[in-house]
**Q** 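Input: one structure, supplied below.
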Amino acid sequence: MSHLIPNLSREKIKQMLKYIGVKRIDDLFKDIPEEIRFKGKLRISGPFSEQDIAKRFSERLSHVIDPSKILCFRGGGVWPHYVPSVIDHIISRSELYTSYTPYQPEVSQGVLQALFEYQSLICELTGMDVANASMYDWATALAEACRMAIRVTRRDKIVIPSIIAPHRERVLRTYLEGLEIEIVKVNLNKNGTVDISKLSENVDSKTAAVYVESPTYMGVIEQNLDEIGEIAHKNGALFIVGVEPLSLAIFKPPGDYGADIVVGEGQPLGLGMNFGGSLLGIFACRFDRKLLYQMPGRIIGLTTEQDSARRAFCMVLQAREQHIRRERATSNICTNVALNAIKAAIYLSLLGRNGLRNVAKKIYANTHYAYRKLLELPFTESLFKDAVYFKEFPIMFKEVDIEEMNRVLYDDFNIIGGINLGRFFEDMANVALFCVTEIHSKRDIDYLAKAILEACEK
Amino acid sequence: MSHLIPNLSREKIKQMLKYIGVKRIDDLFKDIPEEIRFKGKLRISGPFSEQDIAKRFSERLSHVIDPSKILCFRGGGVWPHYVPSVIDHIISRSELYTSYTPYQPEVSQGVLQALFEYQSLICELTGMDVANASMYDWATALAEACRMAIRVTRRDKIVIPSIIAPHRERVLRTYLEGLEIEIVKVNLNKNGTVDISKLSENVDSKTAAVYVESPTYMGVIEQNLDEIGEIAHKNGALFIVGVEPLSLAIFKPPGDYGADIVVGEGQPLGLGMNFGGSLLGIFACRFDRKLLYQMPGRIIGLTTEQDSARRAFCMVLQAREQHIRRERATSNICTNVALNAIKAAIYLSLLGRNGLRNVAKKIYANTHYAYRKLLELPFTESLFKDAVYFKEFPIMFKEVDIEEMNRVLYDDFNIIGGINLGRFFEDMANVALFCVTEIHSKRDIDYLAKAILEACEK
Amino acid sequence: MSDENFRQAKWSEPLLVELEETPESAWYPDEVGEIDIPKHLIREKLDIPNISEPIVVRHFTRLSQMNYGVDLGIYPLGSCTMKYTPKICEELLKNRKIRDIHPLIEEEYVQGLLQVLYELSVFLAEITGAYKVSLQPSAGAHGELTGCLIMRAYHKLNGEDFRNEILIPDSAHGTNPASASMAGYKVVVIPSNEEGRVDVEALKEVVHPRKTAGLMLTNPNTLGIFEKDIVEVAKIVHEVGGLLYYDGANLNAILGKCRPCDMGFDIIHINLHKTFGTPHGGGGPGAGPVGVVKKLVDFLPIPTVEFDGEKYYLNYDIPYTIGKVHSFYGHIDVLLKAYIYILLHGAKYLEKIAEISVLNSNYLMKRILETSKGIELPYTDDPRKHEFVVSAKKLYKETGVRALNISKRLLDYGMHAPTMYFPLIVEEALMVEPTETVCKKDLDDYADAISKITEEAYSNPNVVLGAPYNTSVRRVDEVKASHPKTMCLTWKFLKRRL
Amino acid sequence: MSDENFRQAKWSEPLLVELEETPESAWYPDEVGEIDIPKHLIREKLDIPNISEPIVVRHFTRLSQMNYGVDLGIYPLGSCTMKYTPKICEELLKNRKIRDIHPLIEEEYVQGLLQVLYELSVFLAEITGAYKVSLQPSAGAHGELTGCLIMRAYHKLNGEDFRNEILIPDSAHGTNPASASMAGYKVVVIPSNEEGRVDVEALKEVVHPRKTAGLMLTNPNTLGIFEKDIVEVAKIVHEVGGLLYYDGANLNAILGKCRPCDMGFDIIHINLHKTFGTPHGGGGPGAGPVGVVKKLVDFLPIPTVEFDGEKYYLNYDIPYTIGKVHSFYGHIDVLLKAYIYILLHGAKYLEKIAEISVLNSNYLMKRILETSKGIELPYTDDPRKHEFVVSAKKLYKETGVRALNISKRLLDYGMHAPTMYFPLIVEEALMVEPTETVCKKDLDDYADAISKITEEAYSNPNVVLGAPYNTSVRRVDEVKASHPKTMCLTWKFLKRRL
Ligand SMILES: Cc1ncc(COP(=O)(O)O)c(C=O)c1O
Ligand SMILES: Cc1ncc(COP(=O)(O)O)c(C=O)c1O
């Protein structure tokens with residue numbers, strides 16, 4: 001509104017128009033042909049004052065549940081985690097959030113160094129050598145990783161497990177639409193991990209990449225990652241691993257079992273859930289020129305001043321990118337989610353290895369406590385019996401309508417229950433996927449179990 | 001907690017102790033006599049994690065009404081106003097809020113210039129020549145102004161109107177306790193302004209200061225300020241005026257009618273109500289060395305670098321202050337409310353004269369609309385018939401218990417009604433003081449009138 | 001105004017790994033007892049430093065001071081629309097009712113959020129003339145990919161999957177060809193004419209009834225020039241059965257003045273982080289909603305946000321949907337800021353945005369051209385729109401000072417440089433976009449600075465060539481940064497090298 | 001670490017009145033029709049500039065970069081306890097349920113707030129040993145005044161209003177005598193002994209059974225030395241019927257170690273903005289709650305926050321109350337931050353605060369004394385507590401470099417100077433208080449910087465005398481600033497002068 005547009009005074013406009021040498025502002029638009037001019041007035045209300053907008057906004061939000069009064073046990077790609085207050089404080093500094101992509105490194109050392117720290121932290125966490133400065137989300141990171149594998153290997157088949165997050169699969173398929181790629185699915189064992197022999201059968205000399213996730217969409221830690229990697233590599237395929245980053249504080253990182261590319265969702269690292277966005281796509285790979293030069297996205301490097309040994313940071317390997325390579329670029333990504341990557345850098349450095357381990361251990365302990373608690377209920381059954389779960393686990397409910405149960409959990413207990421997997425997987429009509437994290441206490445979990453008992457006995 | 005205290009690792013402590021040359025940390029406390037050592041453990045719970053504190057805090061606050069669902073018509077010293085989002089944004093910049101009083105001007109130009117702008121803006125608003133960088137609140141500013149007048153005139157009598165804010169009077173009396181001062185009260189006219197002839201009678205050669213407020217505690221704009229000033233000055237007393245700053249955007253400023261000292265409450269200038277604190281005491285005076293050198297508080301000045309003409313800011317006239325003058329200081333004030341003064345500076349500069357005028361006009365229009373609306377009710381009467389009101393006005397309710405009315409207004413209508421003046425003034429048992437500001441719409445006011453009607457007919 | 005008046009903060013801040021550790025403390029305090037993970041899955045070493053909160057906060061606070069943002073001064077990066085972000089947008093977004101809401105929550109619990117999203121999609125449709133808008137794409141380029149995939153799906157449904165070419169002007173942003181190519185298309189470049197506009201004759205030559213899938217264009221184009229032949233261009237493409245894609249990066253200039261779909265575009269994206277003032281965050285998150293004309297509605301990504309007259313819901317039932325392009329529904333945080341931004345302005349001030357951004361741009365252009373020796377305006381003399389491109393080719397020839405050097409020297413004045421060397425069709429290009437949120441004095445100061453710099457280029461070129469001087473670091477060695485031998489992409493590279 | 005590694009931002013930002021105006025726009029947009037105010041009351045001219053929001057934001061953002069704060073580095077201002085402020089304290093305070101709550105609201109609607117305030121007062125009583133705590137005073141000095149008025153009221157009730165002297169050591173902070181004097185007392189100064197402690201013999205000489213109203217003391221004192229004779233001191237004062245006042249500025253050093261009221265103090269204040277980490281805000285708001293022993297409870301300011309077993313309420317029924325010292329109940333915003341701070345730490349870490357702040361202080365003191373020529377420790381060799389005072393007297397004599405110059409030169413390293421020239425009893429005093437929130441490297445760097453500076457003082461004193469160089473402005477002319485002829489206290493002064 002008027003206070004946001006400094007040159008809006010009649011006098012100034014006149015003065016400037018005079019200098020330009022035209023009479024009316026409209027003269028500056030005279031090259032817009034009459035026939036396409038917009039004649040009416042946009043049907044957009046306002047201008048509103050801050051005060052009125054705040055009111056309107058809060059009126060709208062009055063039709064949204066109050067999360068501070070609710071216990072959320074839902075995950076599946078975005079998870080409830082605690083966001084340390086430091087993150088919002090730093091991220092609200094306008095030098096950071098009102099800057100553009102650091103095209104002029106000399107005045108952008110702040111964002112550049114922060115992103116360099118992010119890349120370094122992601123590499124420490126995943127055990128990989130290089131990471132880019134972010135992708136939009138796990139799903140697009142996965143899609144770009146597969147495209148990258150296709151470019152690197154010049155092959156056209158991707159092997160994935162039969163169960164991955166439905167939204168990730170959907171995005172992957174969309175992104176591969178333009179290339180004619182075969183996507184092969186490999187079934188799972190009874191414990192929810194990839195069936196190695198089935199995998200072996202499906203990976204061949206046409207395979208560009210083998211993709212697995214750990215923890216899987218079902219929260220299961222994959223057990224045979226070394227073997228899977230070997231199968232991929234033996235066939236000349238790349239080994240792509242999808243990860244939940246907090247799990248890596250206690251579980252072996254992909255770098256330890258030969259992953260070529262790691263993708264994952266950075267939302268647990270200090271981002272809110274925000275109704276699903278924005279998120280943070282993690283993307284890292286081995287240091288191998290063939291891979292590096294095919295990597296999508298921005299990469300930041302440490303260098304020096306031209307005339308001194310003083311450290312400085314800038315974007316590197318831009319020759320891969322669209323603004324130089326255009327149709328032959330490794331990706332079209334331009335604006336990514338840099339600020340979210342900085343959030344993750346703050347989160348990781350604030351918690352440190354001790355804090356991260358504590359969070360991960362608490363999640364692990366909570367997961368197993370909750371898993372056991374729910375299995376103690378008379379009408380539940382485990383889906384994958386000997387699985388090692390992290391953060392999420394599926395529970396089968398005998399003769400229970402999950403949607404109905406969730407409704408009662410919310411109405412009577414202020415609980416957001418597990419995901420109804422029947423929505424996504426035909427054979428899982430009675431299965432709910434629960435999520436527990438460090439924000440939950442034992443008491444919360446006991447309360448969940450009790451609430452489910454009561455809800456289902458209704 | 002542990003992450004807040006960087007040197008808390010055993011190893012580091014050992015290393016440092018060794019360097020110091022002692023064995024245990026306790027050796028550094030050995031000069032505390034055994035008999036006064038605290039032997040037990042403080043009964044203070046914690047340490048809590050951020051997450052747990054946030055929970056506890058929000059649990060406590062669940063026992064506080066939600067202001068976003070409520071209409072507040074209460075003022076009386078702190079008023080509901082809109083706080084522009086820019087203020088919180090700027091004030092959250094940690095260079096500002098984590099700094100100390102600017103003792104080293106070379107690294108503190110930010111706070112210094114901001115406070116200089118505050119002083120300048122307050123002087124523009126009040127029409128005075130100099131302002132200090134803040135007092136705690138209007139009440140203590142008033143008390144310090146009276147003490148200053150007593151010092152300057154070496155007299156011992158203060159004349160005030162019979163009605164001023166009860167809390168201000170109470171603080172004033174507390175502050176004058178040590179000095180044996182006579183406080184004389186002058187009655188009001190029927191229109192709520194000071195009775196000039198009564199005033200004349202009470203001001204004499206012993207009078208140090210005449211204090212009036214405009215708008216008064218009852219929201220009445222004082223009409224005879226020139227005359228009051230003349231009476232004070234004729235008798236050699238100082239003329240102190242108390243103001244609500246937003247009113248000065250449309251009403252004559254004290255500088256125009258000869259005020260010597262102006263005090264007031266800066267809370268309307270971008271501070272929240274915060275259950276009554278912190279606030280912002282405005283303090284300004286004429287440029288007169290006698291006054292200036294007796295002024296309490298910090299004052300910021302514009303100067304230059306020592307070796308160049310480049311502008312720079314620093315604190316001035318520190319010889320008045322306690323850290324130099326000790327028991328002969330003009331005041332003991334040290335930590336004031338600098339950050340709140342900066343909030344006011346941001347508010348004033350963000351709104352500018354146009355915005356301030358608009359706010360004040362809206363408040364004025366709302367006040368008169370609400371006043372008329374409430375007087376239309378069958379059981380109400382005006383207290384001061386020919387008054388010019390700003391932001392507040394008292395209404396007499398025939399045979400209505402104000403407390404009871406307010407209870408119904410809250411319970412049934414989500415309204416915080418006017419102040420029950422009976423709590424403070426014996427002769428006002430059925431009077432309520434209402435406040436309307438720019439945050440209220442006509443609809444809100446209509447709703448108030450309707451709610452009162454229904455509440456009182458119950 | 002001189003370069004003596006500015007110095008960026010310089011803290012020489014070490015890397016996180018070089019800061020002092022606090023090995024025995026941890027931010028996240030809950031001590032959890034031992035847990036039993038199968039041995040072979042256990043992670044042994046985790047090399048992330050334990051730094052205490054005060055030191056972490058200091059680290060990032062110092063870093064931030066070494067970064068230039070819109071809140072510090074003019075930032076006229078052409079094509080990026082770096083405008084001031086109203087603080088109310090940030091403030092309202094801090095609400096927990098946004099941050100702590102899970103995406104897979106039952107729709108009836110989040111009606112208010114869905115309503116806002118729906119309203120935003122309606123606003124964006126109104127502004128662009130689109131029939132329906134999907135809020136899902138994460139950025140402009142993501143919108144382009146989405147758009148190209150919609151083209152693909154459309155032609156496929158029509159049995160025309162043989163169409164395999166997308167036409168793109170030589171002045172286009174790199175994301176356009178990159179996106180087209182990602183969607184499996186061959187890119188055909190259309191040259192610009194001597195006016196800096198699409199060469200209609202050349203276009204006619206390359207359109208092809210079986211090959212052309214569509215054309216991608218931004219209007220005003222990247223030279224800031226309005227493509228006044230757009231109606232004819234659209235006709236040519238449509239006549240051979242192609243679709244028109246509108247790159248919304250330059251929408252700022254025409255808000256309320258004309259609408260892409262009224263010009264003939266079939267698919268459009270909008271960079272909310274440009275035109276609608278959501279902050280760019282040093283590289284995102286942004287948002288790139290995509291709108292389409294009626295005939296393409298059935299191809300939009302799932303889900304769209306809809307209203308059935310009673311309740312708001314997510315519509316997954318889109319017959320020929322291209323699928324999903326993002327995990328959930330898009331960048332909600334960004335979308336809501338744009339919503340607030342739009343309502344702050346209303347129809348009236350949205351149009352003022354266009355007017356004043358164009359006024360500012362033309363004023364600054366004239367100021368620069370009149371006072372800076374060696375700087376020239378390529379192509380037509382028509383007024384530019386919200387941005388303009390000048391060339392320092394002459395200056396370079398005469399002094400050895402390049403567009404790059406001017407840019408670096410501008411940094412010494414506490415001002416951000418323009419976009420350099422884009423579009424590719426202008427030699428020594430400086431692409432300047434002041435936006436509507438600067439004041440006249442900013443424009444005058446900017447022109448004065450460029451004027452001084454060009455004078456300096458003639459009188460004392462070495463000073464310009466050695467710039468910048470007042471920034472937290474001086475000229476960065478970008479060649480070394482990308483060289484295989486010296487490349488350093490993480491802390492580990494540094495350790496290995498030592 | 002060298003002074004080459006730091007440069008503070010410099011923006012040469014004009015005054016608000018010098019920025020570009022936008023006369024026809026206004027932030028607050030509601031156009032209100034004409035209103036009819038009686039003519040003689042109308043204001044004609046209002047000289048406040050109309051500046052647009054982007055320019056206002058830029059102005060203050062730039063200013064902020066020219067300000068040093070704890071979040072940027074070590075800030076060891078002695079006596080000020082400039083510690084890191086946990087961000088969670090700030091975050092939780094942004095809740096509208098605090099900001100938008102009116103003070104005169106019915107108690108039953110704000111039970112949660114009253115509960116928190118009550119709990120805080122109980123915590124503070126527990127920490128200090130006081131019987132009851134009032135949260136009303138706005139700062140330390142305000143607490144002192146409150147305390148002196150309580151003394152006054154107490155003696156008066158006892159029929160002893162002839163007591164008119166308050167005893168204050170020569171090392172005391174200036175607010176102590178100023179507050180005593182404001183309360184109508186005569187100040188009697190007690191000298192320090194050769195150890196830097198209250199001279200007990202001198203005290204005995206001045207205490208007087210009819211004159212002495214009380215004694216004000218901080219312990220550890222402003223030299224950072226613990227007054228180990230405190231029990232005797234208390235006895236001496238109590239024996240003549242006087243009261244003891246504890247200036248809580250130095251409470252940080254003894255948290256959980258010993259409690260003022262256990263030492264014999266009757267009235268205490270606590271600077272929440274020091275010991276309890278609420279940010280100082282460049283000069284407030286702080287908070288200075290006052291606690292008293294049981295016999296003084298009936299003199300506290302009204303109202304106190306109380307709990308009757310069922311509900312929390314404001315108690316105005318205090319028989320001999322001194323009245324009110326603040327409009328309402330104190331600085332709620334600050335109080336709540338301290339509440340959060342205390343719970344973050346719990347009993348265990350409150351004690352750690354004392355331990356590590358004392359450890360840091362003694363470590364740094366030794367480092368400085370061992371490596372900096374010309375810097376000496378006055379008074380006893382006993383360990384200091386959370387702060388220490390050294391003297392640059394020798395350095396000054398030998399090189400002409402004063403405590404002031406060392407301070408200015410420290411700024412060039414991106415570090416804040418210590419408190420200078422206080423307490424008054426030490427010549428060329430540097431009063432250093434690192435607090436517990438710095439890391440060892442900060443201490444080493446600080447000592448190294450001082451060491452380098454003192455070396456420089458001997459080798460090249462002019463460099464030190466000319467400091468600072470790396471700050472946004474160089475040495476400020478403070479004499480000119482206060483000189484009647486050149487004094488400039490507002491924009492108007494500037495205009496008049498031109
Ligand atoms: C003309 C043009 N098109 C497309 C884009 C890509 O947009 P985004 O960065 O949002 O992906 C840009 C961004 O700079 C642009 O300027
Ligand atoms: C020893 C001492 N006493 C009292 C005070 C005054 O406290 P405040 O600034 O909170 O009024 C201070 C402040 O610096 C101090 O250091």
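The chains referred to below are lettered A, B, ... by the order of the sequence lines, with proteins before strands, and numbering in each begins at 1.
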**Q** Which region of C:Ile356, side chain (C-beta onward) or backbone (N, CA, C, O), has a non-hydrogen atom less than 4.5 Å from a non-hydrogen atom of chain A, or is it both or neither?
**A**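 Only the side chain of C:Ile356 comes within 4.5 Å of chain A.
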**Q** Does some side-chain heavy atom of C:Lys94 sit less than 4.5 Å from a side-chain heavy atom of A:Ser92?
**A**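 Of all side-chain heavy-atom pairs linking C:Lys94 with A:Ser92, at least one is under 4.5 Å.
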**Q** When rounded to the nearest 0.5 angstrom, what is the spacing between NZ in A:Lys12 and CG in A:Asn7?
**A**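 Interatomic distance, A:Lys12 NZ to A:Asn7 CG, rounded to 0.5 Å: 4.5 Å.
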**Q** Over all heavy atoms of both residues, which pair between C:Ile98 and C:Leu92 is shortest? Give the atoms and the distance, please.
**A**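 Residues C:Ile98 and C:Leu92, closest heavy atoms: CD1-O, 3.9 Å.
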**Q** What option among A:Arg56, A:His323, A:Glu305 has the most heavy-atom pairs under 4.5 Å with chain C?
**A**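 That would be A:Glu305.
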**Q** At a 4.5 Å cut-off on heavy atoms, which part of C:Asn360 comes close to chain A: side chain, backbone, both, or neither?
**A**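 Both backbone and side chain.
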**Q** Salt bridge or not between A:Glu106 and C:Lys408? Use side-chain N to carboxylate O under 4.0 Å.
**A**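 A salt bridge is present here (some side-chain N lies under 4.0 Å from a carboxylate O).
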**Q** Using non-hydrogen atoms only, which part of C:Leu344 is less than 4.5 Å away from chain A: side chain, backbone, both, or neither?
**A**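 C:Leu344 touches chain A through backbone and side-chain heavy atoms alike.
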**Q** Most heavy-atom pairs under 4.5 angstrom with chain A, which of C:Val56, C:Thr471, C:Val473?
**A**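 Between C:Val56, C:Thr471, C:Val473, the count favours C:Val473.
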**Q** Taking the six-membered ring of A:Phe29, is the NZ or CZ of C:Lys385 close enough (under 6.0 Å from the centre) and on axis enough (within 45°)?
**A**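 Geometry flag: set, cation within 6.0 Å and 45°.
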**Q** Does any backbone or side-chain atom of C:Arg152 lie under 4.5 Å from a heavy atom of chain A? Answer side chain, backbone, both or neither.
**A**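 For C:Arg152, the side chain is the part near chain A, not the backbone.
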**Q** Please verify the inter-ring angle class for C:His273 with C:His280; under 30° counts as parallel, over 60° as perpendicular, anything in between as tilted.
**A**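 Ring orientation, 0 to 90° scale: tilted.
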**Q** Testing the basics here: between A:Arg147 and C:Ser181, what is the closest heavy-atom pair and its distance to 0.1 Å?
**A**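 Heavy atoms of A:Arg147 and C:Ser181 come nearest at NH2-O, 4.4 Å.
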**Q** May I ask you to say whether C:Glu126 pairs ionically with A:Arg43, meaning some side-chain N is under 4.0 Å from a carboxylate O?
**A**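 Here C:Glu126 pairs with A:Arg43 in a salt bridge, since their nearest N and O are under 4.0 Å apart.
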**Q** Looking only at heavy atoms and a cut-off of under 4.5 Å, which of A:Asn274, A:Asn406, A:Leu339 has the most pairs with chain C?
**A**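 Sorted descending by pairs with chain C, the first entry is A:Asn274.
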**Q** What pair of heavy atoms forms the shortest contact from C:Leu104 to C:Phe328, and how long is it?
**A**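 Closest heavy-atom pair between C:Leu104 and C:Phe328: CD2-CE2, 3.8 Å.
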**Q** Among A:Val86, A:Ile419, A:Val22, A:Asp307, single out the residue with the greatest number of heavy-atom pairs under 4.5 Å to chain C.
**A**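 The option with the most such pairs is A:Val86.
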**Q** As an exercise: rank A:Gln113, A:Arg37, A:Arg407 by heavy-atom pairs under 4.5 Å with chain C and give me the winner.
**A**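 With the most close heavy-atom pairs to chain C, the winner is A:Gln113.
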**Q** Under a 4.5 Å cutoff for heavy-atom pairs, which residue among A:Ala133, A:Pro102, A:Gly110 has the most contacts with chain C?
**A**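 When all of A:Ala133, A:Pro102, A:Gly110 are compared, A:Gly110 has the most.
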**Q** At a 4.5 Å cut-off on heavy atoms, which part of A:Thr140 comes close to chain C: side chain, backbone, both, or neither?
**A**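 Looking at A:Thr140, just its side chain touches chain C.
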**Q** Please look at A:Leu351 and chain C and tell me whether the side chain, the backbone, both or neither of the residue comes under 4.5 angstrom of a heavy atom of that chain.
**A**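 Its backbone and side chain both get close to chain C.
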**Q** Quick check on the interface: out of C:Ile51, C:Thr85, C:Ile340, C:Leu72, who has the most heavy-atom pairs with chain A under 4.5 Å?
**A**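 Result: the option with the highest number of such pairs is C:Ile340.
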**Q** Less than 6.0 Å separating the ring centroids of A:Tyr410 and C:Tyr109?
**A**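 Yes, the ring of A:Tyr410 comes within the 6.0 Å limit of the ring of C:Tyr109, centre to centre.
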**Q** Nearest 0.5 angstrom please: A:Ile36 CD1 to C:Lys228 NZ, how far?
**A**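 The NZ atom of C:Lys228 is 12.0 Å from CD1 of A:Ile36, to the nearest 0.5 Å.
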**Q** Name the region of C:Val70, side chain, backbone, both or neither, that has any atom closer than 4.5 Å to a heavy atom of chain A.
**A**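 For C:Val70, heavy atoms of backbone and side chain both lie under 4.5 Å from chain A.
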**Q** Name the member of A:Leu115, A:Thr174, A:Leu121, A:Val316 that forms the most heavy-atom pairs with chain C at distances under 4.5 Å.
**A**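 Of the candidates given, the most pairs with chain C belong to A:Thr174.
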**Q** Is it the side chain or the backbone of C:His416 that comes within 4.5 Å of chain A heavy atoms, both, or neither?
**A**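 Side chain only.
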**Q** Side chain, backbone, both or neither: which part of C:Ala183 has a non-hydrogen atom closer than 4.5 Å to chain A?
**A**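 The backbone, not the side chain.
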**Q** Which class fits the ring pair A:Phe275 and C:Tyr329: parallel under 30°, tilted 30 to 60°, perpendicular over 60°?
**A**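 Tilted, since the angle between the ring planes falls between 30° and 60°.
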**Q** Under a 4.5 Å heavy-atom cutoff, which of C:His142, C:Gln115, C:Glu144, C:Met66 has the most pairs with chain A?
**A**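 Most pairs with chain A among the choices: C:His142.
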**Q** Can you tell which part of A:Gln15 gets under 4.5 Å to a heavy atom of chain C, answering side chain, backbone, both or neither?
**A**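 Just the side chain, heavy atoms under 4.5 Å.
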